[in-house]
There are 2 protein chains.
Amino acid sequence: MKDKIYIVKIGGNVIDDDANLASFLQLFSSLDGAKILVHGGGKLATQMAKQLDIPQQMVDGRRITDVATLKIVTMVYAGYINKNIVAKLQSLKVNAIGLSGADGGLLKAHKRNHATIDYGFVGDVDSVNEGLLLQLLKSNYCPVIAPITADAQGQLLNTNADTIAQEIAQAVGSAFEVHLIYCFEKAGVLLDVEDESSVIASITNNNFQQLLDEEVIFAGMLPKLQNAFDALNKGVAKVSIGKWDMLHSIATGSSGTTITNE
Amino acid sequence: MKDKIYIVKIGGNVIDDDANLASFLQLFSSLDGAKILVHGGGKLATQMAKQLDIPQQMVDGRRITDVATLKIVTMVYAGYINKNIVAKLQSLKVNAIGLSGADGGLLKAHKRNHATIDYGFVGDVDSVNEGLLLQLLKSNYCPVIAPITADAQGQLLNTNADTIAQEIAQAVGSAFEVHLIYCFEKAGVLLDVEDESSVIASITNNNFQQLLDEEVIFAGMLPKLQNAFDALNKGVAKVSIGKWDMLHSIATGSSGTTITNE
């Protein structure tokens with residue numbers, strides 16, 4: 001029987017508000033057992049780019065990362081956000097240790113090569129050094145991971161935090177029973193995107209096709225669900241999606257949407 | 001017989017110039033055996049503060065760290081500089097892992113309480129989590145340490161990198177034979193501050209008092225030397241001071257100034 005681990009991903013909706021972040025970290029710190037936190041970016045990088053007069057270009061919700069923007073996201077994600085989260089978790093008695101994908105070769109990546117769009121210094125993950133994570137977890141450290149990776153030539157790359165959470169969840173799946181939790185701004189996967197009470201509590205392989213056929217799932221959620229099933233097929237036990245302030249009830253399955261491979 | 005370890009500190013003179021940094025990292029990567037790199041800040045934080053219109057105040061060469069400045073130094077030191085060094089070392093086959101003092105409780109600190117000067121968010125180190133360093137070193141990781149620490153309340157603090165190097169050297173002294181190397185812009189401790197060839201090759205407890213009596217040592221070097229003897233009294237085997245591009249010959253004692261407790 002494998003030990004349980006929670007891998008929790010938070011994004012801008014938590015990070016951008018100091019009070020929200022403090023509340024979330026309190027909740028996270030009281031989750032029992034092994035845990036890893038993966039954080040995204042948030043508005044601070046955009047604000048910083050504006051203050052420094054560096055124009056930002058978004059394509060399909062992804063930030064085009066030129067040299068100046070890479071510098072900003074490295075500073076903001078791996079520096080300011082990561083170290084603030086780590087210091088706050090330490091004060092809550094969680095032995096947090098902040099890592100980017102460059103550190104200890106945690107996430108080896110390559111620069112995205114897209115047929116029509118030049119994303120700039122955006123990286124896609126090739127491999128995870130799960131040995132480093134397992135060693136730290138064994139000594140009761142809690143890895144806190146920033147969405148910056150590096151390629152084999154030492155080039156830093158801006159990388160999607162959802163993907164990083166998934167890759168890490170898959171990588172530690174042979175050693176742990178992994179519960180991957182995506183915290184976002186909605187209460188879960190909704191039947192009606194305008195109605196927070198219309199959460200679909202459980203999505204399984206069995207009912208997913210039916211839900212697709214009935215076209216009841218908000219289209220924006222489909223890639224997240226496909227990735228969730230992908231993770232489940234690669235050794236993750238359970239994936240949940242829900243609102244950050246319900247972390248404990250998402251963990252027990254009493255709120256949010258839980259996706260399993262049944 | 002203890003294994004040797006090099007603890008090398010670099011400052012702005014190396015960090016501020018991409019070509020110098022690349023050359024230095026090449027030299028550092030080819031130092032044999034266990035090693036830790038501690039880096040300072042450099043001009044990038046000052047440039048960033050200027051671009052963001054945040055006035056900087058220096059007292060006795062120390063940066064007064066208000067909230068806005070703390071944000072900048074956290075971004076620049078623990079984010080940009082640290083992750084670039086780590087990624088470059090990784091590409092040179094050194095399994096570098098970047099840490100601030102907040103990470104894994106590496107450097108517990110307190111906000112400086114000075115009788116007459118309010119340094120702001122500047123920290124003085126109380127303790128080192130040497131267990132984390134020893135564990136990483138045992139697995140052949142190379143810790144790369146940024147000069148940001150945290151207090152018990154989760155407040156990040158700007159901290160002198162020379163001091164951090166010394167504290168870390170002392171902390172691992174029971175497990176390793178420590179050679180602490182300070183890389184700076186001069187060839188070593190000079191008899192004549194204008195003459196790079198006037199390096200004093202060796203300073204020991206025995207000849208230090210004599211050198212002081214003869215008033216041949218540049219006054220600006222005295223605090224560094226006092227700290228060096230302090231480190232030697234706390235378990236460090238050898239302290240060297242020299243120019244960064246001579247790293248290998250400093251390590252063997254054929255250039256720079258070597259300070260020992262004889």
Side-chain angles (χ1 to χ4, degrees), chain A residues 22 25 44-45 48 51-54 70-106 108 129 131-132 135-136 138-144 146 148-157, chain B residues 22 25 44-45 48 51-54 70-106 108 129 131-132 135-136 138-144 146 148-157:
Chain A
L25 293 177
L44 186 57
M48 193 62 61
Q51 282 183 278
L52 295 170
D53 271 332
I54 296 161
L70 179 68
K71 190 169 173 175
I72 290 175
V73 297
T74 303
M75 292 197 306
V76 172
Y77 303 168
Y80 186 75
I81 295 173
N82 190 266
K83 299 317 165 199
N84 270 291
I85 289 175
V86 165
K88 290 204 173 75
L89 284 175
Q90 285 281 344
S91 75
L92 294 165
K93 312 290 174 217
V94 174
N95 205 352
I97 181 165
L99 300 168
S100 74
D103 297 301
L106 177 62
K108 299 231 161 96
N129 176 4
L132 174 58
Q135 185 181 351
L136 292 172
K138 199 173 169 188
S139 304
N140 291 315
Y141 289 103
C142 167
V144 175
I148 299 290
T149 61
D151 71 12
Q153 287 72 48
Q155 174 63 56
L156 294 172
L157 296 165
Chain B
L25 293 177
L44 186 57
M48 193 62 61
Q51 283 182 276
L52 295 170
D53 272 332
I54 295 160
L70 179 67
K71 190 169 174 175
I72 291 174
V73 296
T74 303
M75 293 196 305
V76 172
Y77 302 168
Y80 186 74
I81 295 174
N82 190 265
K83 299 318 165 197
N84 271 291
I85 290 175
V86 165
K88 291 204 173 74
L89 284 175
Q90 284 281 344
S91 75
L92 294 166
K93 311 292 174 215
V94 174
N95 204 353
I97 181 166
L99 299 168
S100 74
D103 296 302
L106 178 62
K108 299 231 162 97
N129 176 3
L132 174 59
Q135 184 181 352
L136 292 172
K138 200 173 168 188
S139 304
N140 290 315
Y141 290 103
C142 167
V144 175
I148 300 291
T149 61
D151 70 12
Q153 287 73 48
Q155 173 64 56
L156 294 171
L157 296 165

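Note that this is a predicted model, so its numbers are computed, not measured. By convention in this document, chain letters (A, B, ...) are assigned in the order of the sequence lines, proteins followed by strands, and residues within each chain are numbered from 1.
- Using a 4.5 Å cut-off between heavy atoms, B:Ala102 contacts chain A through both its backbone and its side chain.
- Atom-to-atom distance recorded for B:Ile148:CD1 and A:Asn84:CG is 10.0 Å, nearest 0.5 angstrom.
- Using a 4.5 Å cut-off between heavy atoms, B:Leu99 contacts chain A through its side chain alone, with no backbone atom that close.
- Contact count against chain A (heavy-atom pairs under 4.5 Å) is highest for B:Gly104 among B:Gly104, B:Gly98, B:Pro143, B:Ser91.
- Here the CE-CD1 distance, from B:Met48 to A:Ile72, works out to 7.5 Å after rounding to the nearest 0.5 Å.
- Between the CG atom in B:Asn82 and the CG atom in A:Asn82 there is a gap of 10.0 Å [rounded to 0.5 Å].
- Note that the CG atom of A:Asn129 and the CD1 atom of B:Ile97 stand 8.5 Å from one another [nearest 0.5 Å].
- Top candidate by heavy-atom pairs under 4.5 Å with chain A, chosen from B:Lys88, B:Gln153, B:Lys71, is B:Lys71.
- Not counting sequence neighbours, the partners of A:Gln155 by the side-chain contact (heavy atoms from CB on, under 4.5 Å) test are A:Leu70, A:Phe121, A:Asp151, A:Leu157.
- For chain B, the option among A:Leu132, A:Val76, A:Ile81, A:Val94 with the highest count of heavy-atom pairs below 4.5 Å is A:Leu132.
- A:Gln51 has its side chain out of reach of B:Asp53: every pair of non-hydrogen atoms, C-beta onward, lies at least 4.5 Å apart.
- Within the 4.5 angstrom heavy-atom criterion, atoms from both the backbone and the side chain of A:Ala78 approach chain B.
- When each of B:Ala146, B:Ser139, B:Gly131, B:Ala150 is checked for heavy-atom pairs under 4.5 Å with chain A, B:Ser139 comes out on top.
- The shortest side-chain heavy-atom distance between A:Asp103 and B:Lys83 falls under the 4.5 Å cut-off.
- With a 4.5 Å cut-off on side-chain heavy atoms, B:Met75 and A:Leu44 do not count as touching.
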- [ ] Verify side chain to side chain contact (heavy atoms under 4.5 Å, CB included) between B:Tyr141 and A:Gln135, making sure each step is shown before the conclusion.
- [x] CA-CA 12 Å; B:Tyr141 290 103; A:Gln135 185 181 351; 3.9 Å; yes
